[in-house]
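These values consider heavy atoms only, across backbone and side chains, with no hydrogens, waters or symmetry-generated copies.
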Amino acid sequence: MEKDTQRTFQLLTEIDKDNHISQRALSTKLGIALGLTNSIIKRCVRKGYIKISTIPKNRIKYLITPKGFTEKARLTYNYLQYTVSFYRDAREKIKESFQLISGDGIRDVVFYGAGEVAEISFISLAETDLKLVAVIDDFKKGEVFFGIPIYGREKLDEIDYDKVIITTFRAADTIHKILKNEKNIAKGKIFLLNGYK
């Protein structure tokens, strides 16, 4: 899904939830600059997806038009198709990566990252002879991942494992540097799912 299409979808979804939402709150929820949010709103008004009405004293109310609801339904369908396709592709690539690791005689692995990529990885792990011995995520320390406690990176010194699998795409390079430089983990014991080893 293209960025502009995704942002339009997110904007319509947020306005549908709260039609009194401010542009500042919208920009925060969309994770984009206020000026860009304003541009997307103007584009949606031009296309007839939303109308803006002013209510007393500097308050704005957004109204999604019938055309806007139709567009939101279309974008929702496209988003679901994209998500299912992404999940299928990611699962296949992760499964292939795990088979590659498993073929090298690796048994005990640690996941570094406990988000969506780790969840897909956990499902794919069940189809291999690899064993998940720990989950590391400095931002989710103390939580539980499929029944396994999540630890901070300091726990790596206490765990026996064959390989650390970086199960996130967003901060993969940063985590890789932390593992090599701060934790002094040998390059061969680190595996990045996005193809870097």
Side-chain angles (χ1 to χ4, degrees), residues 1-10 13 29-32 73-197:
M1 184 176 254
E2 292 179 13
K3 276 281 187 216
D4 284 345
T5 306
Q6 184 178 359
R7 288 173 178 155
T8 300
F9 170 66
Q10 290 173 309
T13 300
K29 290 192 180 251
L30 272 60
I32 58 176
R74 186 186 72 78
L75 292 174
T76 300
Y77 177 76
N78 288 346
Y79 180 74
L80 289 173
Q81 276 189 316
Y82 168 79
T83 302
V84 169
S85 177
F86 172 81
Y87 172 81
R88 191 181 325 111
D89 292 347
R91 191 164 186 274
E92 191 58 37
K93 288 178 183 173
I94 289 169
K95 186 173 136 186
E96 288 171 8
S97 295
F98 286 171
Q99 288 170 344
L100 181 71
I101 294 170
S102 181
D104 288 343
I106 304 299
R107 171 86 173 117
D108 297 332
V109 297
V110 172
F111 282 0
Y112 201 122
E116 295 89 358
V117 175
E119 290 174 10
I120 297 170
S121 299
F122 184 78
I123 293 166
S124 299
L125 194 72
E127 299 175 26
T128 70
D129 60 349
L130 299 173
K131 179 182 173 194
L132 182 62
V133 294
V135 178
I136 306 295
D137 192 314
D138 297 312
F139 299 105
K140 295 184 178 184
K141 184 167 46 172
E143 295 179 26
V144 177
F145 178 84
F146 290 101
I148 301 168
I150 301 172
Y151 300 105
R153 64 180 174 249
E154 65 279 353
K155 189 75 172 177
L156 281 169
D157 300 330
E158 305 169 24
I159 302 168
D160 287 328
Y161 59 89
D162 297 316
K163 204 168 273 281
V164 176
I165 301 172
I166 300 175
T167 50
T168 180
F169 296 143
R170 287 192 182 113
D173 291 335
T174 303
I175 292 169
H176 191 257
K177 287 176 187 170
I178 288 169
L179 292 173
K180 275 181 29 183
N181 302 333
E182 181 186 314
K183 301 307 288 177
N184 294 318
I185 296 174
K187 186 178 178 182
K189 287 190 86 167
I190 304 169
F191 187 84
L192 279 80
L193 287 175
N194 61 0
Y196 306 109
K197 294 178 191 174

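- The existence of a salt bridge linking E96 and K93 is excluded, since no basic side-chain nitrogen approaches an acidic carboxylate oxygen closer than 4.0 Å.
- No more than 12 heavy atoms of other residues, nucleotides or ligands lie within 6.0 Å of CG in D160, so this atom counts as exposed by the packing criterion.
- A tilted orientation is assigned to the rings of Y82 and Y79, their planes being inclined by 30° to 60°.
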Decide yes or no on side-chain contact (heavy atoms from CB on, under 4.5 Å) for E116 and Y87, but give the supporting numbers first.
-> CA-CA 10 Å; E116 295 89 358; Y87 172 81; over 6 Å; no
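- The number of heavy-atom neighbours closer than 6.0 Å to CD of E158, taken from other residues, nucleotides and ligands shown, is above 12.
- For A172 against T168, the heavy-atom pair with the smallest separation is CB-O, 3.5 Å.
- Between the side chain of S85 and the main chain of Q81, no donor-acceptor pair closer than 3.5 Å is present.
- Of all the heavy atoms in L130 and I106, the pair that sits closest is CD2-O, 3.2 Å.
- For E143, the CD atom sits in a packed shell: over 12 heavy atoms of surrounding residues, nucleotides or ligands are nearer than 6.0 Å.
- The two residues K163 and I190 come nearest to each other via the heavy atoms CG-N, 4.2 Å.
- D108 places no side-chain N or O within 3.5 Å of a backbone atom of D162 that could act as its donor or acceptor partner.
- Residue Q10 holds its CD atom at 8.0 Å from NZ of K3, rounded to the nearest 0.5 Å.
- Screening L179, T174, I178, V110 against I166 for a side-chain contact (heavy atoms from CB on, under 4.5 Å) leaves a single residue, L179.
- Open room surrounds CZ on F139; 12 or fewer heavy atoms of other groups in view lie less than 6.0 Å from it.
- Pairs passing the salt bridge (Lys or Arg N to Asp or Glu O under 4.0 Å) check and including a residue from residues 131-140, sequence neighbours excluded, read D138-R153.
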Can T128 and I101 be said to form a side-chain contact (heavy atoms from CB on, under 4.5 Å), step by step?
-> CA-CA 10 Å; T128 70; I101 294 170; over 6 Å; no
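- A pairwise comparison of heavy atoms in V135 and A114 identifies CG1-CB, 4.0 Å as the closest pair.
- Although no hydrogens or angles enter the test, the distance criterion places a donor-acceptor pair under 3.5 Å between the side chain of K189 and the main chain of Y161.
- Using the six-membered ring where Trp is involved, F111 and F145 have ring planes that are perpendicular, over 60° apart on the 30 and 60° scheme.
- At least one side-chain heavy atom of Y112 sits less than 4.5 Å from a side-chain heavy atom of L156.
- In terms of heavy-atom proximity, A118 sits nearest to G113 at CB-O, 3.1 Å.
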